[in-house]
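In what follows, a structure is listed as structure tokens, so that the remarks can point back to it.
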Amino acid sequence: MSHFLIFVLLLTTCSMAFASDPSPLQDFCVADPKSQVLVNGLVCKDPKLVQADDFLFRGLHLMGNTSNNVGSNVTQVTVAQVPGLNTLGISMARIDFAPMGINPPHTHPRATEILTVIEGRILVGFVTSNPENRLITKILEKGDVFVFPKGLIHFQKNIGHGYAVAIAGLSSQNPGVITIANVVFGSNPDIAGDILAKAFQVDVKVVDKIQTKF
């Protein structure tokens, strides 16, 4: 094997290794929220000061408040709630849906999501990237599991008559959430109306009206 090919393989391996959350090099690296040091992740607390509560979250059995415009609530369990998740590359969430409630189209820039329906009947879907923009969708029943690939826009909708609940696992301690409507129409400051009007092929007055809702 040539030296050049070996070099290319090493570069490929390195790029794959750095494409997700950092791997732990010790038993744990409990996040220290008091540290002023900025790193890609969070600084470790002194292991001697680590307590069981650093790995604990309580309350995921409680229903979230779905009295809002979209009829859903997401209870996150990320490194912000559980410092012990730091460097472990996982997190989770509980999603509650009122009847006909939706978890609007959004994306997680740093994580793949795997969703399990605990109660109810939920329509899910994601859209592939340009240029195909193919919609892949499925109706899930209690106990069904569905995967949303990393970075792709996806959504969920409760199509049952009662409340629905799902649990999501995510492949990052801090997956991030970009809700499409909020980002596009609720940016601070606003994206210029003429830009959005041309992008969505609508009159600028339509854009102005939508922006007032965010």
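- Looking only at side-chain heavy atoms (C-beta outward), V70 and N103 stay at 4.5 Å or farther from each other.
- Side chains of I95 and Q156 form a contact here, defined as non-hydrogen atoms less than 4.5 Å apart.
- With respect to D96 and R94, a salt bridge is recorded, a charged nitrogen being found less than 4.0 Å from a carboxylate O.
- Donor-acceptor pairing under 3.5 Å is recorded for the side chains of N133 and N130.
- A donor-acceptor distance shorter than 3.5 angstrom exists from the side chain of N68 to the backbone of S72, with no hydrogens or angles considered.
- F55 is listed as a side-chain neighbour of F28, based on a closest heavy-atom distance under 4.5 Å.
- Inspection of the S67 and N65 side chains reveals an N or O donor paired with an N or O acceptor under 3.5 Å.
- The main-chain N or O of V145 is never found under 3.5 Å from a side-chain atom of T116 such that the two would form a donor-acceptor pair.
- Of the possible polar contacts, none joining the Q211 side chain to the D208 backbone as a donor-acceptor pair under 3.5 Å is found.
- Annotation: L62, atom CG; neighbour count of heavy atoms from other residues, nucleotides and ligands within 6.0 Å is above 12.
- Under the 3.5 Å distance criterion, the side-chain polar atoms of T66 are left unmatched by any main-chain donor or acceptor of F97.
- Sorted by first and then second residue, the disulfide (SG to SG under 2.5 Å) pairs with a member in residues 35-150 read C29-C44; sequence neighbours excluded.
- Pairs of residues two or more places apart, or lying in two chains, that qualify as ring-ring contact (aromatic ring centres under 6.0 Å, His included) and include a residue from residues 157-207 are F185-F200.
- In this structure, V117 and E119 have side chains that are not in contact, with every pair of non-hydrogen atoms separated by 4.5 Å or more.
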Any chance you could lay out the ring pair (Phe, Tyr, Trp, His ring centres under 6.0 Å) test for F126 and H154, step after step, and finish with the verdict?
-> CA-CA 4 Å; F126 66 85; H154 57 282; 8.1 Å; no
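- Evaluated for a side chain to side chain donor-acceptor pair (under 3.5 Å) with K45, the options N86, D32, D54 yield exactly one hit, D54.
- Formation of a donor-acceptor pair under 3.5 Å by the N158 side chain with backbone atoms of G162 is found in this model.
- Considering only heavy atoms from C-beta on, H106 comes within 4.5 Å of V177 through its side chain.
- Between Q173 and I90, the closest side-chain pair of non-hydrogen atoms is not below 4.5 Å.
- The side-chain contact (heavy atoms from CB on, under 4.5 Å) test with V127 singles out one residue from L152, T107, L135, and that residue is L135.
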